[in-house]
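Take a look at the structure set out below.
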Amino acid sequence: MAKEMQKAYEPRLVEDEIYDSWLKSGYFTPENLPNAAERKEVFSVVMPPPNVTGVLHLGHALEHSLMDAMVRYQRLLGKKVLLVPGTDHAAIATQAKVEKKLMAEGMKNPRQELGREALLEKIREFAESSKATILNQVKKMGTSADWSRLAYTFDNDRNAAVNELFTRMYNDGLIYRGFRVVNWSVKGQSTCSDDEIVTIEREATLYTFTYGKDFPISISTTRPETKVGDTAVAVHPADDRYKEFVGKTFDVEFAGSKLSIKVIASDEVDPEFGTGALGVTPAHSAIDFGMYEVQKAKQDVIEIKQVIGIDGKMTVQAGSMVAGMTVEAAREAVVAWLKEHNLLEKEEVVPQNVGTSDRYGDVIEAIPMTQWWLDVNKEIPGRGKTLRDFMREAVTTGLNGNIDQKVTITPDRFTKLYLDRIENLRDWCLSRQIWWGHRIPAWYRNVIASEAKQSTSGDENMELYVGTVAPEGEGWTQDEDTLDTWFSSGSWTFSTLGWPKNTADLETYHPTSWMQMGYEILYLWLMRMILMSTYAVNQIPFKDAYIHGILRDKDGKKFSKSSGNGIDPIEVINEYGCDALRISVLSGITPGNDSRYYTEKVESARNLVNKLWNISRFIFTTSSGARYVESVMPKTLADKWILARFSETTQKVGMLMDRYDFSLAIEVLRDFTWNDFADWYLEIAKIEKGKEDILLYILQRLLVLWHPFAPFVTEEIYKNFDSGMIVVAEWPKVAHELSSEDADAFERIQEIVIMIRNMKSEQKLPASGIPAVSIFSESQNRVDLLLSVKPLFERLGRCDIRVEKASAGEMLSVPEVGVGVVSRQVGDVSIYMALGEVDFDKEKTRLSKEIVECEKFIAMQESKLANEDFVKRAPEKVIGVERQKLSDLQEKYGALKKEQEALVS
RNA sequence: GCGCGCAUAGCUCAGUUGGUUAGAGCGUCACAUUGACAUUGUGAAGGUCCGUGGUUCGAAUCCACGUGCGCGCACCA
């Protein structure tokens, strides 16, 4: 017998307990699944590791709802399912967070004040506590992860993987130390990659000037302070204005600095822009640095002069006037100097895009340095291809032309975005000067690493060793720098499965089956996972990538700390339940598009969950007990209909899940559960008795369909069946089909019931009133059908019913009860309702309105069919449908006319 | 500058390869309700599918142009 069920479902009381029972069952570990050996098909997912920077937000709720719904669905299908959980040390993000916290607590410069080890200890503490919180939250969200395989991007195994990968890439010549202009965050005191830059638009002043009175060319800049570092002026080779100067060098005194400016020709200069001449600052502009390299290759060397230091202040090389100043102060000083010497020709305010650090927020400076780089264009020894080739193949032909090694991106448009990006890909700057992260597995001798890094001349006179462990011998110092955090998260799909060891997990679960992520990390993460995986294991990281949008607040704004619109998913779970949250964030979403979160949606999802609960409660309390029902035979038309509808729903939901259409799957399920099952069939079950088996049969399977979206409530209800846990139940089989005849018959019954309700409502008859209703048809079959379900009309439509076979002529004289009668036509069935008092005016208005509408449609239909082109060209099937439509309309028109006549009499 | 996305009921969104009188949820209005559920039931109202032109027998759907919003990339001297 079913255990006592509360009147309303209270998620708070059961969710934790249920999650514990799942943990105890061991089913999240694929090897522990029932019949594990027979589960041939594997479905594996590696959880995108949340950053250990604090707590999970609603965006994570979306991710976990998507991921867990998919994983649970696959488990119900009987596959060997693995979901690997983990967290990300998130190098810069976490260090930035802790530094900010320490500074808020009064420290001025945490790195200086604490030193490396003590600061790392602080960060570790924070990360560990954050990790614990996060993992707890993941459980709260119901995520069915295999905790025995828990990983962390910064644990020992992952560190070993990172070192191995770095060493292999170095030995293959893909990783190298290179001197060039890098993105430098002064605030963060570290480099960052191109992908970690956020461009913002701001106003800037564009100054046009000459370096000195004797200098023949004017140039423009928004950064006058950097001009003390200029070593050349570039003009377009075909520009006649400046041709005569190309190749000449001018010595000028500029703002306290002696400049030696060579005029060079470069195709990159746009002669139409500004003065058509460009002041070249090789040390502080990536483009100018490019020119410097071109000149070097041409053996027409120009100088490189670093005038901004890593502290964001002007260097000694910048000259006595500005040395030691911040860039902002130096800018003012240089402008003042230009004005004073009458060299400034023009000042104008222009919009300007500047790159800022995504973590520290400061403007990125271009500074020349030696850093570690990953070459994406170099042929990999023994593979005949570059990393860029691999990345391209992975989403087009499949890796090495193997279509089984192809990543399918949903929605497809992101594939194009990805490919565009691949074509513009530059070498990846790997080294970071922050401390929280994987230390670069490189060791130096003779030269101290930190000095080498800042030297502008490169790494000569230095012995270098790269390996997974420190080299033997005296005097080795490990590189102080750490790796870009995406280096470890890029290897996440295989490092979590045991790589570089040749493990069974790697063999069984890689490439993983599915991955979901937000489009904002497409470049940062998806690309790098493909890069790392194709290189390291010669496999794609996952077969399918589902790209989701951002969850925004009700006004469409991004959730962020600064706008204070954050919502704690755990609070939502505590109030409405995890299932409601999951359903609400998955409802109304389409791949790649943003969606909105609002409380009404969660409430509505909570109501739905409660409906499911009460459906179960009704079925259990009206049955002799919950039990497993193997199969059922439909007895009545309603039985046939509901079983077929359930089969159809099962099939649709499966198909939609296979297409990753979570939103529509929920809609289909909701529609069946609430409308078909609860509002129709359960009501019918109160009238036609003996439906216990069918109700139990459908309910048990319906719970399984719901389980991916609402794991907790379904598990709680499922307990009543004593059929084990729903988490490992079997996806229902499609077992019943509906003949079109039965479908039509049942629909007609529904229409009549609705029409009766409608008539009562329109005539303002209280719903409790029981009017006398007569329904007629000329078809004996129809009459037989109607008679067989007479009680349904009486109870569902709340009326006294009489069913007779009658012809059109006979109908008019029929109801002898009461003073007034209204009539309606539903297909071949006429309905007459006797009312004590008929609102004739209302009825007339309604009728004439309907008649006008009907005439309109008939006219439309007729003209359509009169169109020769249509009849000639449209497929016959379509024409048949249109003809049928017209005859239905004509029939309806006739009926309406008759109703009108009847009304008059 | 190049590219992408979005524009459908008051709100949030569906609408699968072009083929009913364009749908759902929420909200609104009316009615009901002691026996699964007020976290409920029944019914109704509500749309120039952003605009213009084109292709087609037929366009919310395909094409072109335009408008508005959002985003990516590049430029950023």
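In this text the structure is predicted, and so the values were computed from the model without any measurement. Throughout, a chain's letter reflects where its sequence line sits, starting with A, and its residues are numbered from 1.
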Report task. Please state the C1' separation for the pair B:G10 and B:C71 - nearest whole angstrom. Result -> 28 Å
Query raised in the report: Taking the same atom, C1', in B:C6 and in B:G15, what whole-Å distance lies between them?
Result: 15 Å
Requested in this report: Could you work out the separation of B:G47 and B:G23 based on their P atoms and round it to a whole Å?
Outcome: 14 Å
Query raised in the report: Does CD in A:E201 sit with more than 12 non-hydrogen atoms of other residues, nucleotides or ligands closer than 6.0 Å?
Result: yes
Query raised in the report: Considering every strand shown, what is the Watson-Crick or G-U wobble mate of B:C6 when both distances are under 3.5 Å?
Result: B:G68
Query raised in the report: Using a cut-off of 4.0 Å on non-hydrogen atoms, how would the nucleic acid contact of A:A678 be classed: base, sugar-phosphate, or nothing?
Result: base
Query - Distance between P atoms of B:G54 and B:U61 (Å, rounded) - result: 14 Å
Query raised in the report: Which part of the nucleic acid does A:R223 contact within heavy-atom distance under 4.0 Å: base, sugar-phosphate only, or nothing?
Result: nothing
Expected rows: protein N/O vs nucleotides 44-48 of chain B N/O, under 3.5 Å:
| unit_1 | atom_1 | unit_2 | atom_2 | d |
| --- | --- | --- | --- | --- |
| B:A44 | OP1 | A:N758 | ND2 | 3.4 |

Query - Which nucleotide in B:A36, B:U42, B:G41 has an atom nearest any side-chain atom of A:R757 - result: B:U42
Requested in this report: Among the candidates B:G41, B:C76, B:U21, find the nucleotide nearest to the side-chain atoms of A:N353.
Outcome: B:C76
Requested in this report: Send over the distance from A:D676 CG to B:A24 P, rounded to a whole Å.
Outcome: 13 Å
Query - Sugar-phosphate, base or nothing in reach of A:L206, heavy atoms under 4.0 Å - result: sugar-phosphate
Query raised in the report: So what does A:D420 touch, heavy atoms closer than 4.0 Å: a base, only the sugar-phosphate, or nothing?
Result: nothing
**Report entry** Closest nucleotide among B:C4, B:A36, B:U40 to the A:F618 side chain
**Finding:** B:A36
Report task. Select one nucleotide: of B:C4, B:C57, B:G41, the one nearest the side-chain heavy atoms of A:D869. Result -> B:C57
Query raised in the report: Checking all strands, does A:V269 fall into the base, sugar-phosphate, or nothing category for heavy-atom contacts under 4.0 angstrom?
Result: base
Query raised in the report: In the structure shown, which nucleotide is the Watson-Crick or G-U wobble counterpart of B:G25, with both distances under 3.5 Å?
Result: B:C11
Could you tabulate the donor-acceptor pairs under 3.5 Å formed by side-chain atoms of residues 613-620 of chain A, not counting sequence neighbours?
| unit_1 | atom_1 | unit_2 | atom_2 | d |
| --- | --- | --- | --- | --- |
| A:W613 | NE1 | A:Q6 | O | 2.8 |
| A:N614 | OD1 | A:R617 | NE | 3.2 |
| A:N614 | ND2 | A:K7 | O | 3.3 |
| A:N614 | ND2 | A:N610 | O | 3.3 |
| A:S616 | OG | A:L612 | O | 2.8 |

Report task. Could you check whether A:K652 gets within reach of a base, just the sugar-phosphate, or nothing at all, counting any heavy atom under 4.0 Å? Result -> nothing
Query - side chain to side chain contact (heavy atoms under 4.5 Å, CB included) partner of A:Y211, chosen from A:V233, A:V228, A:L338 - result: A:V233
Query raised in the report: Closest heavy-atom contact between A:S218 and A:T210?
Result: OG-CG2, 3.2 Å
Report task. Nearest whole angstrom, please: distance from the C1' of B:A74 to the CD1 of A:I197. Result -> 14 Å
Query raised in the report: Counting any heavy atom closer than 4.0 Å, what does A:R606 reach on the DNA or RNA strands: base, sugar-phosphate only, or nothing?
Result: base
Polar pairs (N or O, both sides) under 3.5 Å between protein and nucleotides 59-64 of chain B?
none

Query - Whole-angstrom distance between B:U28 and B:U20, as gauged at atom C1' - result: 28 Å
Report task. Please report, rounded to the nearest Å, how far the P atom of B:U39 is from the CG atom of A:D579. Result -> 19 Å
Requested in this report: Find the partner of B:A45: check Watson-Crick (N1-N3 plus N6-O4 or O6-N4) and G-U wobble (N1-O2, O6-N3) distances, both under 3.5 Å, and reply none if neither fits.
Outcome: none
Query raised in the report: Is a side-chain N or O of A:T649 found less than 3.5 angstrom from the main chain of A:L669, in a donor-acceptor match?
Result: no
Report task. Find the distance A:I615:CD1 to B:A36:P and express it as a whole number of Å. Result -> 13 Å
Query - Under 3.5 Å donor-acceptor, A:K689 side chain and A:K686 backbone - result: yes
Report task. Without swapping roles, check the side chain of A:D661 against the backbone of A:L656 for a donor-acceptor pair under 3.5 Å. Result -> no
Query raised in the report: Mind checking whether A:L702 and A:F672 have side chains closer than 4.5 Å, heavy atoms only?
Result: yes
Query raised in the report: Counting any heavy atom closer than 4.0 Å, what does A:E683 reach on the DNA or RNA strands: base, sugar-phosphate only, or nothing?
Result: base
Query - Nearest-angstrom distance, C1' atom, B:G58 to B:U21 - result: 15 Å
**Report entry** Whole-Å distance separating the CG atom of A:N424 from the P atom of B:C2
**Finding:** 16 Å
Query raised in the report: Can you find a donor-acceptor N/O pair under 3.5 angstrom joining the side chain of A:Q6 to the base of B:A36?
Result: no
Report task. Can you label the angle between the A:F254 ring and the A:F209 ring as parallel, tilted or perpendicular, going by 30° and 60°? Result -> parallel
Query raised in the report: Parallel, tilted or perpendicular: which describes the rings of A:F709 and A:W706, with under 30° parallel and over 60° perpendicular?
Result: perpendicular
Query raised in the report: Looking only at atom C1', what distance separates B:A30 and B:A45, rounded to whole Å?
Result: 10 Å
Query raised in the report: For A:F662, which residues count as a ring-ring contact (aromatic ring centres under 6.0 Å, His included) partner, sequence neighbours excluded?
Result: A:Y546
Query raised in the report: Contact class for A:K764 (heavy atom, under 4.0 Å): base, sugar-phosphate, or nothing?
Result: sugar-phosphate
Query raised in the report: Short question: side chain of A:R331, backbone of A:E225 - any donor-acceptor pair under 3.5 Å?
Result: no
Requested in this report: Tell me the partner of B:C75, counting only Watson-Crick (N1-N3 plus N6-O4 or O6-N4) or G-U wobble (N1-O2 and O6-N3) with both under 3.5 Å; none if nothing fits.
Outcome: none
**Report entry** Touch class at under 4.0 angstrom, heavy-atom based, for A:K416 against every strand present
**Finding:** sugar-phosphate
Requested in this report: Grab the CE-P distance between A:M527 and B:C73 for me, whole Å please.
Outcome: 11 Å
Report task. Looking at every strand, decide which applies to A:S285 at a 4.0 Å heavy-atom threshold: base, sugar-phosphate, or nothing. Result -> nothing
Requested in this report: For A:L889, answer base if it contacts any base atom (sugar-phosphate contacts may also be present), sugar-phosphate if it contacts only those atoms, and nothing otherwise; contact means non-hydrogen atoms under 4.0 Å.
Outcome: base
Query raised in the report: Between B:U42 and B:G27, how far is it from one P atom to the other, in whole Å?
Result: 15 Å
Report task. Please determine, by modelled atom types, if A:E196 and A:S193 share a side-chain donor-acceptor pair under 3.5 angstrom. Result -> yes
Query raised in the report: Which base, if any, makes a Watson-Crick or G-U wobble pair with B:C37, both distances under 3.5 Å?
Result: none
Query raised in the report: Using a cut-off of 4.0 Å between protein heavy atoms and nucleotide atoms, how would you tag nucleotides 12-20 of chain B 5' to 3' with B, S and -?
Result: SSS-B--BS
Query raised in the report: B:U40, B:U42, B:C4: which one has an atom nearest the side-chain heavy atoms of A:W674?
Result: B:U40
Query raised in the report: To the nearest angstrom, how far is A:M5 atom CE from B:A36 atom C1'?
Result: 9 Å
Query - More than 12 heavy atoms from other groups under 6.0 Å of CD on A:E423 - result: yes
**Report entry** Whole-Å gap separating P (B:U39) and NZ (A:K7)
**Finding:** 10 Å
Side chains of residues 600-607 of chain A: which donor-acceptor partners sit under 3.5 Å, not counting sequence neighbours?
| unit_1 | atom_1 | unit_2 | atom_2 | d |
| --- | --- | --- | --- | --- |
| A:K601 | NZ | A:S587 | O | 3.3 |
| A:K601 | NZ | A:R596 | O | 3.2 |

Query raised in the report: Does the pair A:R645/A:E648 count as a salt bridge with the N-to-O cut at 4.0 Å?
Result: yes
Report summary line: Note: for A:E10 and A:I287 on RNA chain B, the residue whose nearest nucleotide lies more 5' is A:E10
